[in-house]
Enquirer: 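Please read through the structure below; I'll follow up with questions.
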Amino acid sequence: MGITTSPTKGTSESKDLVMSDADFERLRKIIYDRSGIWFAESKKYILENRLGRRLRELDIEDYDQYATFMTIGPYREDEFQKMFNAITINETSFFRNAPQLEFYEKQILAPLIKARESTKSLRIWSAACSTGEEPYTLAIIARRSLALRVKEWNVDILGTDISERVIKTAESGRYTNYSMRSTEEADVQKYFTTKDAFYDVRPEVREMVKFEKLNLKDSLAAQKHGKFDVIFCRNVMIYFDQKMRKECIQMFHRMLNDDGVLFIGHSEVINDAQLFTARKEPEAFAYERV
Ligand SMILES: C[S@@+](CC[C@H](N)C(=O)[O-])C[C@H]1O[C@@H](n2cnc3c(N)ncnc32)[C@H](O)[C@@H]1O
């Protein structure tokens, strides 16, 4: 990408790149300001490890140069994307946290389907969807719940993530065994085709889901998508600080219909009684809009 850092090709390969405390401070602020992702001191080694690879790829000699480039460099917008591709943790699977999804299907989706009988329309957002397993899972659950009526309904599912790389995988709808580790065999048969070592999401499921690169920090871009009946934002707010979490929760409140529900990850919690009330069921991790 043409960064002119007077590199000597190959030298940085062999050198151990060390991130000083000052470099770490600069870089974590740059990352935080852009994405809300906050690297605590104890996570410095992750940043060092993941950005180290970027530095080697770019033939940049040290983190100080990289931080300067990310502050004033001409190609830094491109590099931000590559940086997010490198530093985000994208762990996910189909049917992740089955008890929560069962709660969703029976206690939230079933009554919502009754409530939307007149419009036959549902809008679901999987915010921070990684490689797409979560929104496709939600499409499968919607198909299962609507059964034969699915053709009469308009179920729009949006999957978004900050990382371009994971959105590309999501759009391909193609997965390996690893993504299928929590999927029942009957669902594999019904909703996927298998070829070689791959599992392809069937077209009728794929066509229910649209993907877009979206940074949760950019609430204006998010709000262009209008209102949703259900928002899943699981296992990403753990990477944010308190302020960013609060901004996200306020945004989700604005973007949910009055009877909408927000689902979060099992290690996350929302303490904002003015905006959301937690469902009491232990497996739910679900919040109703106040
Ligand atoms: C651990 S994955 C969670 C995937 C899925 N929601 C699940 O629970 O299985 C976290 C995802 O959050 C994304 N992410 C991190 N910061 C983000 C931000 N500011 N805006 C949007 N997505 C973000 C990462 O790229 C990553 O794919």
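Order of appearance sets the numbers: ligands from 1, and atoms from 1 within every ligand.
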Enquirer: Identify, by atom number and element, the atoms of ligand 1 in contact range of Ser130, meaning under 4.0 Å from any of its heavy atoms.
Expert: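 Once the distances to Ser130 are compared, the set is 4 (C), 27 (O).
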Enquirer: Give yes if a backbone or side-chain nitrogen or oxygen of Asn215 is under 3.5 Å from a nitrogen or oxygen of ligand 1, and no if not.
Expert: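 N/O-N/O distance under 3.5 Å: yes.
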Enquirer: Considering only non-hydrogen protein atoms, determine which one is nearest to atom 4 (C) of ligand 1 and report residue, atom name and distance to 0.1 Å.
Expert: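 So the nearest neighbour among protein heavy atoms is Ala128 O, 3.4 Å.
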Enquirer: Considering both backbone and side-chain atoms of Cys129, is one of its nitrogen or oxygen atoms within less than 3.5 Å of a nitrogen or oxygen in ligand 1?
Expert: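 N/O-N/O distance under 3.5 Å: no.
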Enquirer: Are more than 12 heavy atoms, taken from residues, nucleotides or ligands other than Glu152, located less than 6.0 Å from that residue's CD atom?
Expert: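 Check passes, neighbour count above 12.
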Enquirer: Using a cut-off of 6.0 Å, state whether more than 12 heavy atoms not belonging to Lys44 lie near its atom NZ.
Expert: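 Enclosed.
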Enquirer: Can you sort out which atoms of ligand 1 are near Leu214, meaning under 4.0 Å from one of its heavy atoms?
Expert: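 In order of number, 20 (N), 21 (C).
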Enquirer: Among side-chain atoms of Asn257 and Arg123, is any donor-acceptor pair under 3.5 angstrom?
Expert: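 Distance-only check fails for Asn257 and Arg123.
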Enquirer: If you have a sec, work out which protein heavy atom is nearest atom 14 (N) of ligand 1 and how many Å separate them, to one decimal?
Expert: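 For atom 14 (N) of ligand 1, the nearest protein heavy atom is Val236 CG2, 3.6 Å.
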Enquirer: So is Phe232 touching ligand 1 or not, going by heavy atoms under 4.0 Å?
Expert: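 No, Phe232 has no heavy atom closer than 4.0 Å to ligand 1.
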Enquirer: Please list, in number order, the atoms of ligand 1 under 4.0 Å from a heavy atom of Glu134.
Expert: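 Ligand 1 atoms under the 4.0 Å threshold to Glu134: 5 (C), 6 (N), 7 (C), 8 (O).
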Enquirer: Identify the residue among Glu105, Glu281, His266, Arg234 that makes a side-chain hydrogen bond (donor to acceptor under 3.5 Å, both in side chains) with Gln100.
Expert: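 Exactly one candidate clears the test, Arg234.
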Enquirer: With a 4.0 Å cut-off on heavy atoms, is Thr160 in contact with ligand 1?
Expert: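 Thr160: no contact with ligand 1 (<4.0 Å).
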Enquirer: To the nearest 0.5 Å, tell me how far Ile270 CD1 sits from Ile249 CD1.
Expert: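 Output value for this atom pair is 4.0 Å.
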Enquirer: Do any N/O atoms on Ile37 end up under 3.5 angstrom from N/O atoms on ligand 1?
Expert: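 No: no nitrogen or oxygen of Ile37 is under 3.5 Å from one in ligand 1.
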Enquirer: Going by distance alone, is a donor N or O of one side chain under 3.5 Å from an acceptor N or O of the other, for Ser163 and Asn85?
Expert: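 Yes, Asn85 and Ser163 have a side-chain donor paired with an acceptor closer than 3.5 Å.
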Enquirer: Do me a favour and list the nearest non-hydrogen protein atom to atom 7 (C) of ligand 1 with residue, atom name and distance?
Expert: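 Of every protein heavy atom, Arg96 NH1, 3.2 Å lies nearest to atom 7 (C) of ligand 1.
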Enquirer: Relative to atom 2 (S) of ligand 1, which among Asp218, Ile89, Val166, Thr92 owns the nearest non-hydrogen atom?
Expert: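 The nearest heavy atom belongs to Ile89.
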Enquirer: Heavy atom to atom 23 (C) of ligand 1, shortest distance: which of Leu216, Asn235, Ile162 holds it?
Expert: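 Among Leu216, Asn235, Ile162, the closest heavy atom to atom 23 (C) of ligand 1 comes from Ile162.
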Enquirer: Closest non-hydrogen protein atom to atom 3 (C) of ligand 1, residue and atom name please, with distance?
Expert: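 Ranked first by proximity to atom 3 (C) of ligand 1 is Arg234 O, 3.6 Å.
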Enquirer: Distance only, no hydrogens: is a donor on one side chain within 3.5 Å (strictly under) of an acceptor on the other, for Thr160 and Trp125?
Expert: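 Their side chains do contain a donor-acceptor pair, which is all the 3.5 Å distance test asks for.
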Enquirer: Please list, in number order, the atoms of ligand 1 under 4.0 Å from a heavy atom of Thr88.
Expert: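 Those qualifying, in numeric order: 24 (C), 25 (O).
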Enquirer: Give a yes or no on whether the ring-centroid distance for Phe192 and Phe94 is below 6.0 angstrom.
Expert: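 They qualify: ring centres under 6.0 Å apart.
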Enquirer: If only side-chain N and O atoms count, and only distance matters, is there a donor-acceptor pair under 3.5 Å linking Ser126 with Glu134?
Expert: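 Yes - a donor-acceptor pair under 3.5 Å links their side chains.
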Enquirer: With atoms numbered from 1 as shown, which atoms in ligand 1 lie under 4.0 angstrom from a non-hydrogen atom of Ser35?
Expert: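 By the 4.0 Å cutoff, the relevant atoms are 19 (N).
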Enquirer: Suppose I only count heavy atoms of Glu91 and a 4.0 Å limit; which atoms of ligand 1 are within that range?
Expert: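 Per the distance check, 1 (C), 2 (S), 3 (C), 4 (C), 9 (O).
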Enquirer: If you measure only the distance, is there a donor-acceptor pair under 3.5 Å linking the side chains of Gln189 and Glu185?
Expert: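 The criterion, which ignores hydrogens and geometry beyond distance, is satisfied for Glu185 and Gln189.
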Enquirer: Without hydrogens or angle criteria, can the side chains of Glu133 and Thr131 be said to hold a donor-acceptor pair below 3.5 Å?
Expert: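 Yes - a donor-acceptor pair under 3.5 Å links their side chains.
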Enquirer: Is it true that Glu79 and Tyr66 share a donor-acceptor pair across their side chains at a distance under 3.5 Å?
Expert: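 Glu79 and Tyr66 do have a side-chain donor-acceptor pair below 3.5 Å.
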Enquirer: Who's the nearest protein heavy-atom neighbour of atom 27 (O) of ligand 1, and how far?
Expert: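 That would be Asp161 OD2, 2.7 Å.
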Enquirer: For ligand 1, which atoms sit closer than 4.0 Å to a heavy atom of Phe240?
Expert: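 With Phe240 as reference, the close atoms of ligand 1 come out as 16 (N), 17 (C), 18 (C), 19 (N).
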